[in-house]
Amino acid sequence: MNRTELPVNETVVAAQMAALCVPDARRVDDILSRALEMKGLDPADAGVLSMVTDENQLSKMYAAAAKVKEQIYGKRLVLFAPLYISNLCRNECTYCAFRASNKALHRRALSMEEIDRETVSLLKEGHKRVLLVAGESYPKEGFRYVLRAVEAVYAARYNNANIRRVNVNVAPLSVEEFRELKAAQIGTYQLFQETYHPATYHTVHLKGAKSDYGYRLSAIDRAMEAGIDDVGIGVLFGLHDWRFELLAMLQHVAHLERRFGVGPHTISIPRLEPASGAPLSVNPPHPVSDTDFRKLIAILRLTVPWTGIILSTRERADMRRESFSLGVSQISAGSRTNPGGYSTKEEENASQFSLGDHRPLDEVIRDVAAMGYLPSFCTACYRLGRTGADFMDLAKPGAIRHHCDPNAVSTLKEYLVDYASPQTRTVGEACIADQLPRMDEVAHKRTLAMLERVQAGQRDVFC
Ligand code: SAM
Ligand code: SF4
């Protein structure tokens, strides 16, 4: 792809940025009433909303986002854990502790036995969904290392439990390699552009393959060309103006929808966190305030209502709590960002960045359930082939709720029976009891039947 064919055109974004001004209340009301139709908004609308500062208008925006979120996702919140398999890296991303020049970092690439141990540790906690993460350099065998790692995660067992979905966040690949990744039965391929602003991109990616802006930006296209129809995009917020990143990301979404008939399955919104040996991370050039961050989440929810929004443990517990009603639909929990961190529990100098939320999974589940949200470990869609456009065909008319709600309840029930502390079990059971009467007849009936099967000892019950 040459520069003019890339999914995002900087000049277009710059023109949209130049047109931004603080909107009057009528304009905001008009956009919000259209957003409530849940058909999404144009990038221009998103730009207008990004300029809102009036407290009253902001409250209306958050209320609209909460309404859209609830209509589409109900109370469900999907949980996963990152699994860092290696921190070897050839690149020089000035914000990341894994950067090649960080000699103080303890480097390691986990062996397949170690990956098995890590996975078993996650299984013992009750996890079912994993995001496999690696730096951009592999042991001798090259990219095959990632394929073997995916296989090792799926193969790991603890008391008959296994990881049911492995999503992957690794360096951009060729179409051929993406085909191999698809054949390894991954869930989502996830890749963050970090910044869509080319000049900033080149300032912070000094060396290695990642310094090629275009190769990274075209990676999601290659993944989709290879048949991976479940992709995740993201920005590392703090590197450049968040409004520019938002508008550029929406252009990326529109490009994928145009070219492949379906946009990204998820959008991740990491904010830059302090990382050892990476001074830029301590002093982000464009820090995103909590107020702007709330706005960003709400705008994304209103603009791309059917796209999952992922928030990691980079964020503090209080921001994570707030984010659920604003639009976040997936969170990680109990995370470690150093390879081997789950099974060794060592606080060695090998982590990628510092975390804002250190609570174990059990505590996060208890908290989420006590807030009235429904923690879910569901992996049904991907295993039944409901991905990409097929997923959207089911999701947009609302029929997906007849699957999501029962699956959320059955996976939560499994968690409560097999892994939860007594305290969490009590809160979780109350949460299930609270959800049942809210379901429509189809979902309610299905859920009761599935709960019975879980109660009787069956596992991995889904529809
Ligand atoms: N090495 C691959 C890459 O760069 O795409 C994949 C894994 S990388 C470890 C995953 C993500 O971590 C990066 O895409 C980046 O957005 C994020 N990251 C790096 N340094 C960070 C920091 N200091 N704070 C928050 N997120 C960070
Ligand atoms: Fe390496 Fe990824 Fe960190 Fe960059 S962000 S230094 S590519 S691990």
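Whatever order the structure lists them in is the order used to number ligands and atoms, beginning at 1.
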(request) Tell me whether C89 has at least one N, O or S atom under 2.8 Å from atom 3 (Fe) of ligand 2. (result) no
(message) Any salt bridge linking D357 with R321? Criterion: basic side-chain nitrogen under 4.0 Å from a carboxylate oxygen.
(response) no
(message) Taking the basic N atoms (NZ, or NE/NH1/NH2) and the acidic carboxylate oxygens, is any pair closer than 4.0 Å for R222 and E225?
(response) no
(message) Side chain or backbone, does S281 bring an N or O within less than 3.5 Å of an N or O on ligand 1?
(response) no
(request) Nearest heavy atom to atom 5 (O) of ligand 1 wins, so pick from E273, E194, R216. (result) R216
(request) Would you kindly say whether E273 and S354 are connected by a side-chain donor-acceptor distance under 3.5 Å? (result) no
(message) How far is atom 4 (Fe) of ligand 2 from the closest protein heavy atom, and which atom is that?
(response) C93 SG, 2.2 Å
(request) Start with the C-alpha distance between R148 and E141, add both sets of side-chain angles, then the distance that settles salt bridge (Lys or Arg N to Asp or Glu O under 4.0 Å), and finish with yes or no. (result) CA-CA 10 Å; R148 286 180 59 223; E141 58 195 315; 2.7 Å; yes
(message) Only heavy atoms of A275, strictly under 4.0 Å: list the atoms of ligand 1 that pass.
(response) 23 (N)
(message) What protein heavy atom lies closest to atom 3 (Fe) of ligand 2? Include the residue and the distance to one decimal.
(response) C96 SG, 2.4 Å
(message) Does ligand 1 come near enough to Y84 that some N or O of the ligand is less than 3.5 Å from an N or O of the residue?
(response) no
(message) Looking at every non-hydrogen atom in both residues, tell me the closest pair between F178 and I228 and how far apart they are.
(response) O-CD1, 3.6 Å
(message) Do the side chains of R366 and D362 get close enough for a salt bridge, i.e. N-O under 4.0 angstrom?
(response) yes
(message) Which residue and atom name correspond to the protein heavy atom nearest atom 5 (S) of ligand 2, and how close is it?
(response) K210 NZ, 3.3 Å
(request) Can you pull out the closest protein heavy atom to atom 7 (S) of ligand 2? Residue, atom name and distance to 0.1 Å, please. (result) N91 ND2, 3.3 Å
(message) Any salt bridge linking R316 with D290? Criterion: basic side-chain nitrogen under 4.0 Å from a carboxylate oxygen.
(response) yes
(message) With a cutoff of 4.0 Å, is G135 in contact with ligand 1, counting heavy atoms of the residue only?
(response) yes
(message) Test your reading of the structure: does A134 have an N or O sitting under 3.5 Å from an N or O of ligand 1?
(response) yes
